[in-house]
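Data first, discussion second: the structure below is written as structure tokens.
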Amino acid sequence: MLNRLRKINSYRKQFLSLLVGVPSYEVYVQHMESHHPEETVKSRKEFFCEAQEARYNAKGGKVSRCC
């Protein structure tokens with residue numbers, strides 16, 4: 001029962017992250033370890049900064065679109 005609740009909670013977190021457009025760092029790490037083991041894995045902070053920049057197309061720290 002406890003394992004089932006943990007699994008449901010992980011799906012809930014994943015759904016909410018995708019809903020607001022935040023990629024999963026854990027999925028990124030798993031992907032890098034399995035597909036690109038020779039490359040260095042970014043820190044959580046680097047990963048999210050890059051994701052936010054890609055999402056909002058920030059140039060010089062400023063959001064370049066209205067919404």
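Heads up: numbering here begins at 1 and tracks the sequence.
Hydrophobic cluster membership is shared by Val29 and Phe47, with clusters built from Ile, Leu, Val, Met, Phe, Trp and Tyr side chains linked at under 4.5 angstrom. Tyr28 and Phe48 fall within the same hydrophobic cluster, defined by Ile, Leu, Val, Met, Phe, Trp and Tyr side-chain heavy atoms under 4.5 Å apart, directly or through other members.
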Give the C-alpha distance, both sets of side-chain angles, the deciding distance and a yes or no for side-chain hydrogen bond (donor to acceptor under 3.5 Å, both in side chains) between Arg12 and Asn9.
-> CA-CA 5 Å; Arg12 184 179 133 286; Asn9 190 40; 2.8 Å; yes
Kindly determine whether Glu26 and His31 satisfy side chain to side chain contact (heavy atoms under 4.5 Å, CB included), including the steps that lead there.
-> CA-CA 9 Å; Glu26 289 76 19; His31 171 80; over 6 Å; no
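Not counting sequence neighbours, the partners of Lys7 by the side chain to side chain contact (heavy atoms under 4.5 Å, CB included) test are Tyr11. Glu50 is linked by a salt bridge (Lys or Arg N to Asp or Glu O under 4.0 Å) to Lys42, counting only residues two or more places apart in sequence or in another chain. Judged as a side chain to side chain contact (heavy atoms under 4.5 Å, CB included), and not counting sequence neighbours, the contacts of Glu39 are Met32, His36.
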